[in-house]
Asks: 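After the structure tokens below, expect a handful of questions from me.
Below, read A as the first sequence line, B as the second, and so on, with proteins coming before strands; counting in each chain starts at 1.
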There are 2 protein chains.
Amino acid sequence: MLGSNQERQKVRKNTPVRMKDIAQDLGLSTVTISKVLRGHSDIGDETRKRVLKRMEELHYQPNFAARALITGRSWTVGLVVPDLIHPFYAQIAKAISAEIRGQGYSLIITSSEEDPELERQEIEQLLARRVDVLVIASAQWTVESFRRIEEQRTPYILIDRQFAGLPANFVGVDDEAVGLMGTNHLIEQGCRRIAHIRGPQTSTALGRLEGYKRALAAQGVVPRPELILPIGLSGDDCGEPGGYEATRKLLQTTPQPDGIFCYNDPVAMGAMRAILDAGLRIPEDVAVVGCGNLHYSNFLRVALTSIDQQSAEIGKQAALLALSLVNAKETVRPSVKLLSPELIVRASTLRSKAARPQGKTKRTGQSEAKRTARR
Amino acid sequence: MLGSNQERQKVRKNTPVRMKDIAQDLGLSTVTISKVLRGHSDIGDETRKRVLKRMEELHYQPNFAARALITGRSWTVGLVVPDLIHPFYAQIAKAISAEIRGQGYSLIITSSEEDPELERQEIEQLLARRVDVLVIASAQWTVESFRRIEEQRTPYILIDRQFAGLPANFVGVDDEAVGLMGTNHLIEQGCRRIAHIRGPQTSTALGRLEGYKRALAAQGVVPRPELILPIGLSGDDCGEPGGYEATRKLLQTTPQPDGIFCYNDPVAMGAMRAILDAGLRIPEDVAVVGCGNLHYSNFLRVALTSIDQQSAEIGKQAALLALSLVNAKETVRPSVKLLSPELIVRASTLRSKAARPQGKTKRTGQSEAKRTARR
DNA sequence: TGTGTCTAAGTTATCGTTTACTTTATGCGA
DNA sequence: TCGCATAAAGTAAACGATAACTTAGACACA
């Protein structure tokens, strides 16, 4: 049984099995083997069985490089995120990976570290590798590098961050709805002077700001400029420390704000620290809402009310769209998927038993903590 | 200037530039182009310049598939982790990615979801793609699937989790030192009855358990079985909830433990919740030490003392080892890198001002919070 | 002037598949 | 028995790069 196999090994030592080897073993041509592998119909039943059997025996694995060379498809999806460590992007990566796995695709992940120039290089690398489709949460300020992708005819999908005037595939949460939801919740909880700590000049931050303004406008309130503070833009001081600093300033205004809608959870954590340091209570004196619903929000000094951004769903939708794009014969026109955010109410805004959350919201207990990873 | 380029485009529409195109443009052979690209010395200065100029103009990008086919190298590193969302593995992925980027390598990341069978499939996929080297934080119980990798002659590196009796490349923290360090710290803080909530049957959990026992033994204390509790093994209840349950049981023993060394941070978070729920104080009644130093440990209800596992350093070392393996001519004998853990003292163990941390430890303020990611 | 060395190229074969045709064998109806 | 459709294979030529030789010319030196 192993006769011909042993022969092969005499000739080629420690080299992966090729179609040619199986073909010679069975007295067939490589084309026949190739056809069996891809399920062509013009192969006899018996031949097919013999080939499949031999493939199993020899642990045959097709050579992706050879296949990619001739078909022009690499069976690879490229993902570019600003920061792999951020749970939001990690979730997305995981969801994409899970979704495409079954279709024979693998995921090449790169991190741009929020650096537009590095991101451009990474995209070039992925294009050189001829990934079949790109998924990008971009840190760019301009649309220039997307033009390059279009030149190469590689389909791409933007996630999370959108670009005005760029008709591209997009999957992300509706950021204006996020801003509306967070601010409205504070209003419902009885907050009168609601501040906003806003993020950088990205579509996400701008959208949330817009939502914040609209929520106030709906109450007939004109947003006061001194209650809208930005956090720093440089890589390091824009999270918790940025929230801390901004909140310190906010607390110096008179009258003090009694609610803060924060651009994201780290900022909210900084805000809460500043509030507690100032000897104030959360949520009695100042209520705080974050965005992102990081899975440890439940275990903070004060459990943080936050707006969930559906990271897993973003990943899944992006993956499905990606698969449809690689299978499309013609270039299809860009599709935009806006997902609805979800409010998760916790202690940082729950001012009274009377004020129950309403509308599309969700109370939470320990259940979310379940998927806390182990090691 | 663009004459020949336009000609080319007449013939080949929307196809990436090849060496052949540049060669024809310049009246050279493809081999010359190839040599220029790889910096061969047998190319004239002027020719080299002309070629490089044209490459720039045409945005030439070498075809990885073709290159991989003939060289047998894919310029790709495969990474398999149990859970991408876990910051520990995300950190490692990020560090590896950063380290190999400069050498022209890309990273294919897959998650096994702690499922040995899925992990095996992922490894097969990566082998089929002919990754040049594999980095694996394995969820296996047996060494079987590593044999498959060895058959294929693909070098591989285990990280984080080791396998007894398997002589393989390994990079990870010294888990016995982790156990020693955590337990010794509790002893120094004056704890007398120190419990341990242990993890599953992995090398990491067993090593930490061993360190815990040795630290007690060094004090002449015999570890009491009722103070060593395991957390559940199934995917979901092993983190925070597992720590909570285990701690509830521990608090029912008399006399109560006054210090708990926890397998990881989520478990420690569960432990702290149970302690607070029981109306006890941290650290006055019960001190708690975690492992992992998740970057939000600082913002918990009680800031958690934790043992840092050097995830970034593990990633970096693994990457360097990986690069050396792919460049090695012969198979080299396995190398094992054990990194030293680092104790980060926070409120959950700081019982008195008098009891200052000593030895290789580190007090911490806000500085760590710096890299909190934004979105 | 012939030999040898060096430089700067070019030739040819090859990597492992797939694609687009061809060929061969078989059966069946007229 | 011929012709023709159909089934089940096989042939040859790519795909884009690289490895291992080979060649052409310039130059030096005996």
Asks: Tell me which of B:H40 and B:L69 sits closer to the 5' end of DNA chain D, going by the nucleotide each one is nearest to.
Replies: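 First, find each residue's nearest nucleotide; the 5'-ward one identifies B:L69.
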
Asks: Should A:Y60 be listed as having a side-chain N or O under 4.0 Å from OP1 or OP2 of C:dG16?
Replies: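 Answer is no, no contact under 4.0 Å.
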
Asks: If you check the A:L28 side chain, which of D:dA9, C:dT18, D:dT18 turns out closest?
Replies: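 Selected nucleotide (nearest to the side chain): D:dA9.
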
Asks: Check every atom of C:dG10, C:dT14, C:dA9 against the side chain of B:I70 and return the nucleotide holding the closest atom.
Replies: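 Closest of the options to the side chain of B:I70: C:dT14.
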
Asks: Between B:E150 and B:R147, is the closest basic N to carboxylate O distance under 4.0 Å?
Replies: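 Result for this pair is yes, salt bridge flagged.
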
Asks: Rounded to whole angstroms, how far apart are CZ on B:R50 and C1' on C:dA8?
Replies: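 Answer to the nearest Å: 13 Å.
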
Asks: Distance only, no hydrogens: is a donor on one side chain within 3.5 Å (strictly under) of an acceptor on the other, for B:R129 and B:T76?
Replies: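 B:T76 and B:R129 do not have a side-chain donor-acceptor pair below 3.5 Å.
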
Asks: Give the nucleotide from the list C:dG16, C:dT19, C:dT11 with an atom nearest to the side chain of B:S29.
Replies: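 From the listed options, C:dT11 comes nearest.
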
Asks: Whole angstroms only, please: what is the NZ-P distance between A:K20 and C:dT18?
Replies: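 Rounded to whole Å, this separation is 15 Å.
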
Asks: Taking 4.0 Å as the cut-off, does a side-chain nitrogen or oxygen of A:S34 come that near to OP1 or OP2 on C:dG16?
Replies: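 A:S34 to C:dG16 OP1/OP2: no side-chain N or O under 4.0 Å.
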
Asks: Output the rounded distance in Å from CD1 (A:I22) to P (D:dA9).
Replies: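 Atom-to-atom, A:I22 to D:dA9, this comes out as 16 Å.
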
Asks: With a 4.0 Å cut-off on N to O distance, would you call A:E119 and A:R148 a salt bridge?
Replies: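 Result for this pair is no, no salt bridge flagged.
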
Asks: Below 4.0 angstrom from OP1 or OP2 of C:dT19, is there any side-chain N or O of A:R38?
Replies: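 Affirmative; the distance criterion is met.
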
Asks: Between B:D160 and B:Y89, do the side chains contain an N or O donor and an N or O acceptor separated by less than 3.5 Å?
Replies: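 B:Y89 and B:D160 do have a side-chain donor-acceptor pair below 3.5 Å.
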
Asks: Within the structure, does a side-chain N or O atom of B:T47 lie under 4.0 Å from either OP1 or OP2 of C:dA9?
Replies: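 Looking at the OP1 and OP2 atoms of C:dA9, one of them is under 4.0 Å from a side-chain N or O of B:T47.
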
Asks: Choose from C:dT14, C:dT18, D:dA9 the nucleotide whose nearest atom is closest to any side-chain atom of A:T71.
Replies: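 Output: C:dT18.
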
Asks: Which nucleotide in the set C:dT19, D:dT18, C:dT17 lies at the smallest distance from any side-chain heavy atom of B:T30?
Replies: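 Nearest to the side chain of B:T30 among the choices is D:dT18.
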
Asks: Can a side chain N or O of B:R67 be found less than 4.0 Å away from OP1 or OP2 on D:dG16?
Replies: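 No, B:R67 has no side-chain N/O under 4.0 Å of OP1/OP2 on D:dG16.
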
Asks: Among C:dT18, C:dA9, D:dA17, which nucleotide sits nearest the side chain of A:V31?
Replies: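 Side chain of A:V31 sits closest to C:dT18.
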
Asks: Angle class for the B:F146/B:Y156 ring planes (parallel below 30°, perpendicular above 60°, tilted otherwise)?
Replies: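 Parallel: the ring planes of B:F146 and B:Y156 meet at under 30°.
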
Asks: Once you build an axis from the first five pairs and another from the last five of the helix from C:dT1-D:dA30 to C:dA30-D:dT1, how far apart in angle are they, to 10 degrees?
Replies: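 The angle, to the nearest 10 degrees, is 70°.
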
Asks: How many Å lie between CD1 on B:I33 and C1' on C:dA9, as a whole number?
Replies: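 So the CD1-C1' distance, B:I33 to C:dA9, works out to 11 Å.
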
Asks: Where the side chain of A:T15 is defined as all heavy atoms beyond and including C-beta, which of C:dG16, C:dT11, D:dT18 is the nearest nucleotide?
Replies: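 Comparing C:dG16, C:dT11, D:dT18 against the side chain of A:T15, the answer is C:dG16.
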
Asks: For B:R153, give me all partners under salt bridge (Lys or Arg N to Asp or Glu O under 4.0 Å), at least two apart in sequence or on another chain.
Replies: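 Per chain and number, B:R153 pairs via salt bridge (Lys or Arg N to Asp or Glu O under 4.0 Å) with no residue.
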
Asks: Expressed as a whole number of angstroms, how long is the span from A:M55:CE to C:dT17:C1'?
Replies: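 Computing the A:M55:CE to C:dT17:C1' distance gives 12 Å.
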
Asks: Rounding to an integer number of Å, can you tell me how far B:E46 CD sits from C:dA9 P?
Replies: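 In whole Å, C:dA9 P lies 9 Å from B:E46 CD.
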
Asks: Would you kindly give the CG-to-C1' distance between A:D42 and C:dT18, to the nearest whole Å?
Replies: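 After rounding, the gap between these two atoms is 13 Å.
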
Asks: Find the distance B:N63:CG to D:dA14:P and express it as a whole number of Å.
Replies: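 After rounding, the reported distance stands at 17 Å.
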
Asks: Does the pair B:K49 and B:E46 meet the rule for a side chain to side chain contact (heavy atoms under 4.5 Å, CB included), with working shown?
Replies: CA-CA 5 Å; B:K49 276 179 200 155; B:E46 200 189 345; 5.7 Å; no

Asks: Do A:S106 and B:Q125 have a side chain donor and acceptor closer than 3.5 Å?
Replies: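 Their side chains do contain a donor-acceptor pair, which is all the 3.5 Å distance test asks for.
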
Asks: By nearest nucleotide on DNA chain C, pick out whichever of A:Q61 and B:I43 is the more 5' one.
Replies: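 Result: B:I43.
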
